[in-house]
J.: 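Below you will find the structure I want to go over with you.
Proteins come first, then strands; the chains are lettered A, B, ... in the order of their sequence lines, and each starts at number 1.
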There are 2 protein chains.
Amino acid sequence: MKGYTYRTGDSEPSTHLPLWEALVTDSVGDVIEFWGFKRNHGRVWALLYIRREPMNARQIQEDLELSKGAVSMISRDLEQWNVVSRVRHPGSSAWHFVAEVDFMEMITHVLQEREGELIRRVSTDLKDAEKLARESKEVEQETLDRIKRMRTLAGLMQQALDIFMKTARLDVSDTRDLL
Amino acid sequence: MKGYTYRTGDSEPSTHLPLWEALVTDSVGDVIEFWGFKRNHGRVWALLYIRREPMNARQIQEDLELSKGAVSMISRDLEQWNVVSRVRHPGSSAWHFVAEVDFMEMITHVLQEREGELIRRVSTDLKDAEKLARESKEVEQETLDRIKRMRTLAGLMQQALDIFMKTARLDVSDTRDLL
DNA sequence: CCGTAAGTTCACGAGGTTTTGAACACCTAT
DNA sequence: ATAGGTGTTCAAAACCTCGTGAACTTACGG
């Protein structure tokens with residue numbers, strides 16, 4: 001099972017960040033990790049989101065206690081997913097980052113892909129399995145039925161996930177207006 | 001009876017199981033893994049499900065090429081989740097396992113718990129964060145709003161997941177009647 | 001009871017993923 | 001052009017999770 005289970009005991013949140021900021025960034029980190037992203041994707045986005053002004057890589061690195069390389073890679077990811085954008089800040093030669101507000105978009109988007117890929121593969125494999133089982137006599141009807149049942153189940157799963165993602169996105173854009 | 005089979009190349013599914021069975025068990029393994037369980041949870045359950053008759057640990061171990069210990073632990077988990085039950089088989093001193101049909105139940109159940117735990121923690125952390133931020137002046141209103149927004153977002157997430165799980169369960173029990 | 005087979009537990013290691021940091025490449029301002 | 005700060009890459013390190021198998025415990029049959 002993935003990492004969303006626990007945070008180590010007392011979990012002293014990052015040292016020199018105000019406690020409340022640490023709580024926010026870590027929370028978002030945990031949630032995002034639940035969805036199969038890296039914890040630090042969430043932490044970086046959250047930091048940018050509550051700071052509300054462009055930050056350069058160096059500040060992020062210090063505040064979240066990450067390495068140079070990590071910040072570079074994480075922010076590239078976030079940028080690619082359009083939840084963070086990179087801007088020039090007057091009076092500085094460094095890039096600065098700002099948070100976009102719709103990160104639910106990102107979650108649903110990436111989930112969409114991952115899930116699609118999975119379901120596609122499973123569906124064809126099960127179809128093959130059914131065909132093979134049917135050819136090799138000796139397999140009872142009830143067994144064939146069970147394979148078929150699993151196939152419809154895969155379909156239902158996809159459907160359900162789609163619904164989930166649609167409502168999620170809907171709910172969040174509602175929220176966005178709200179602010 | 002050493003294994004002479006040595007297949008290079010792509011994705012050779014477990015060797016001595018009929019190909020179609022391997023396809024089925026591996027597929028279920030992949031799906032279940034997506035949901036944050038172990039791959040072998042899915043494989044064991046699927047094997048029992050298609051075989052349709054009680055199997056003892058030894059058979060499972062051989063068919064899926066697992067270790068003694070693994071089979072023991074995996075089947076304990078499955079049993080705890082009520083997707084497999086342990087029965088006495090006449091004429092044998094060993095326990096035998098059979099698959100229950102509703103494993104969507106299990107997914108939703110366990111997800112329910114894990115997700116609940118997570119959301120609960122995140123909610124209180126964000127509540128604390130908001131309180132702290134408010135106390136330490138210097139924090140602008142807009143920032144407070146953003147924290148609040150994240151809180152409602154956590155709530156929405158929970159809600160969405162609930163909906164998803166309900167529909168999933170519903171769809172599946174439909175399917176169950178269907179057989 | 002005893003002997004044997006079945007079942008459980010757990011320290012360890014293999015395998016996989018994330019982070020690090022040093023080397024390298026790229027800008028920008030002078 | 002070039003110096004110095006910025007940004008990226010990637011091999012190695014740290015980390016985490018799972019499966020293994022030997023040691024142990026339990027249960028059954030005789």
Side-chain angles (χ1 to χ4, degrees), chain A residues 1-9 11 14 25-26 29-30 32-45 48 54-80 84-98 110 114, chain B residues 11 14 25-26 29-30 32-45 47-48 54-80 84-98 110 114:
Chain A
M1 299 182 195
K2 290 275 181 54
Y4 26 77
T5 17
Y6 7 62
R7 200 164 24 163
T8 29
S11 77
S14 331
T25 52
D26 286 356
D30 288 349
I32 221 63
E33 189 174 31
F34 175 86
W35 289 109
F37 300 84
K38 294 190 205 164
R39 188 155 195 280
N40 285 331
H41 284 143
R43 297 215 303 144
V44 170
W45 179 85
L48 292 171
M55 295 177 72
N56 63 31
R58 164 155 265 282
Q59 296 170 270
I60 297 174
Q61 180 184 339
E62 285 170 0
D63 287 349
L64 298 181
E65 294 175 326
L66 299 174
S67 70
K68 213 166 170 249
V71 173
S72 173
M73 289 187 303
I74 298 276
S75 44
R76 176 154 61 61
D77 291 344
L78 293 176
E79 208 184 345
Q80 247 157 20
V84 149
S85 53
R86 185 183 295 239
V87 300
R88 279 282 172 213
H89 208 52
S92 163
S93 64
W95 284 107
H96 284 238
F97 299 94
V98 270
V110 179
R114 282 208 299 245
Chain B
S11 74
S14 330
T25 52
D26 287 356
D30 288 350
I32 221 64
E33 190 176 29
F34 175 85
W35 288 109
F37 300 85
K38 295 188 205 167
R39 195 175 144 74
N40 284 332
H41 284 143
R43 297 214 305 145
V44 170
W45 179 85
L47 181 66
L48 292 171
M55 295 177 72
N56 63 31
R58 164 153 264 282
Q59 297 170 268
I60 296 174
Q61 181 184 340
E62 285 171 0
D63 286 349
L64 298 182
E65 294 176 324
L66 298 173
S67 69
K68 212 168 171 245
V71 173
S72 173
M73 289 188 302
I74 298 276
S75 44
R76 177 154 61 62
D77 290 344
L78 293 176
E79 208 183 346
Q80 246 156 18
V84 148
S85 54
R86 186 183 294 239
V87 300
R88 279 286 171 212
H89 207 52
S92 163
S93 65
W95 284 106
H96 285 238
F97 299 95
V98 270
V110 179
R114 282 209 300 242

J.: For the residue pair I32(A) and K38(A), establish whether any side-chain heavy-atom pair is separated by less than 4.5 Å.
T.: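 No, every pair of side-chain atoms sits at 4.5 Å or beyond.
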J.: What is the separation between atom NZ on K68(B) and atom C1' on dA6(C), rounded to the nearest whole Å?
T.: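 Going from NZ in K68(B) over to C1' in dA6(C) covers 6 Å.
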J.: Where do L48(B) and F97(B) come nearest, in terms of heavy atoms and distance?
T.: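 Minimum heavy-atom contact is CD2-O, 3.5 Å.
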J.: Using heavy-atom distances to pick each residue's nearest nucleotide on DNA chain C, tell me which of W95(A) and I74(A) is more 5'.
T.: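 In this pair, the answer is I74(A).
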J.: Any N or O donor-acceptor pair linking the side chain of K38(B) to the base of dG19(D) at under 3.5 Å?
T.: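 It does not, because no donor-acceptor pair links the side chain of K38(B) to the base of dG19(D) below 3.5 Å.
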J.: Side chains of V71(B) and L64(B), heavy atoms from C-beta outward: is any pair under 4.5 Å?
T.: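 Answer no - side chains too far apart.
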J.: OP1 or OP2 of dT20(D) sitting under 4.0 Å from any side-chain N/O of S67(B)?
T.: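 Indeed, a polar side-chain atom of S67(B) lies that close.
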J.: Under 4.0 angstrom, heavy atoms only, what part of the nucleic acid is A94(B) near: base, sugar-phosphate, or nothing?
T.: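 The answer is sugar-phosphate, as A94(B) gets under 4.0 Å only of primed atoms, P, OP1 or OP2.
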J.: Please report, rounded to the nearest Å, how far the P atom of dG7(D) is from the CD atom of Q61(A).
T.: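 Answer to the nearest Å: 10 Å.
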J.: At under 4.0 Å between heavy atoms, what does R76(A) touch on the DNA or RNA strands: base, sugar-phosphate, or nothing?
T.: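 Sugar-phosphate only.
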J.: Separation of F97(A) atom CZ from dT8(D) atom P, in whole Å?
T.: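 The answer, rounded to whole Å, is 7 Å.
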J.: Please report, rounded to the nearest Å, how far the P atom of dA6(C) is from the CD atom of E79(B).
T.: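 The answer, rounded to whole Å, is 18 Å.
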J.: Please report, rounded to the nearest Å, how far the C1' atom of dT9(D) is from the CG atom of D77(A).
T.: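 Distance, rounded to whole Å: 14 Å.
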J.: Could you check whether N56(A) gets within reach of a base, just the sugar-phosphate, or nothing at all, counting any heavy atom under 4.0 Å?
T.: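 Nothing, no heavy atom under 4.0 Å.
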J.: Tell me whether the count of non-hydrogen atoms from other residues, nucleotides or ligands lying under 6.0 Å of CZ in R114(A) goes above 12.
T.: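 Count over threshold, so yes.
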J.: Between G69(B) and A70(A), name the one whose nearest nucleotide on DNA chain C is closer to the 5' end.
T.: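 Its nearest nucleotide lies further toward 5', so the answer is G69(B).
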J.: Using a cut-off of strictly less than 4.0 Å, decide whether R88(A) has a side-chain nitrogen or oxygen near OP1 or OP2 of dT6(D).
T.: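 So the side chain of R88(A) is outside the cut-off, no N or O lying under 4.0 Å from OP1 or OP2 of dT6(D).
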J.: Within less than 4.0 Å of OP1 or OP2 of dT8(C), is there a side-chain N or O belonging to S72(B)?
T.: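 Indeed, a polar side-chain atom of S72(B) lies that close.
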J.: Please report, rounded to the nearest Å, how far the C1' atom of dG19(D) is from the CG atom of L64(B).
T.: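 Whole-Å distance recorded here is 14 Å.
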J.: In whole angstrom, what separates L66(A)'s CG from dG7(D)'s C1'?
T.: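 Spelled out: CG on L66(A) to C1' on dG7(D) is 15 Å.
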J.: Whole angstroms only, please: what is the NE2-P distance between H89(B) and dC28(D)?
T.: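 It is 16 Å, rounded to the nearest whole Å.
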J.: Can you find a side-chain donor-acceptor pair between H89(A) and N56(A) that sits under 3.5 Å?
T.: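 Short answer, no.
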J.: Is any side-chain nitrogen or oxygen of N40(A) closer than 4.0 Å to OP1 or OP2 of dT18(C)?
T.: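 Negative; the distance criterion is not met.
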J.: Heavy atoms from C-beta onward define the side chain here; which of dC10(D), dT9(C), dA23(D) lies closest to that of M73(B)?
T.: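 The listed nucleotide nearest to M73(B)'s side chain is dT9(C).
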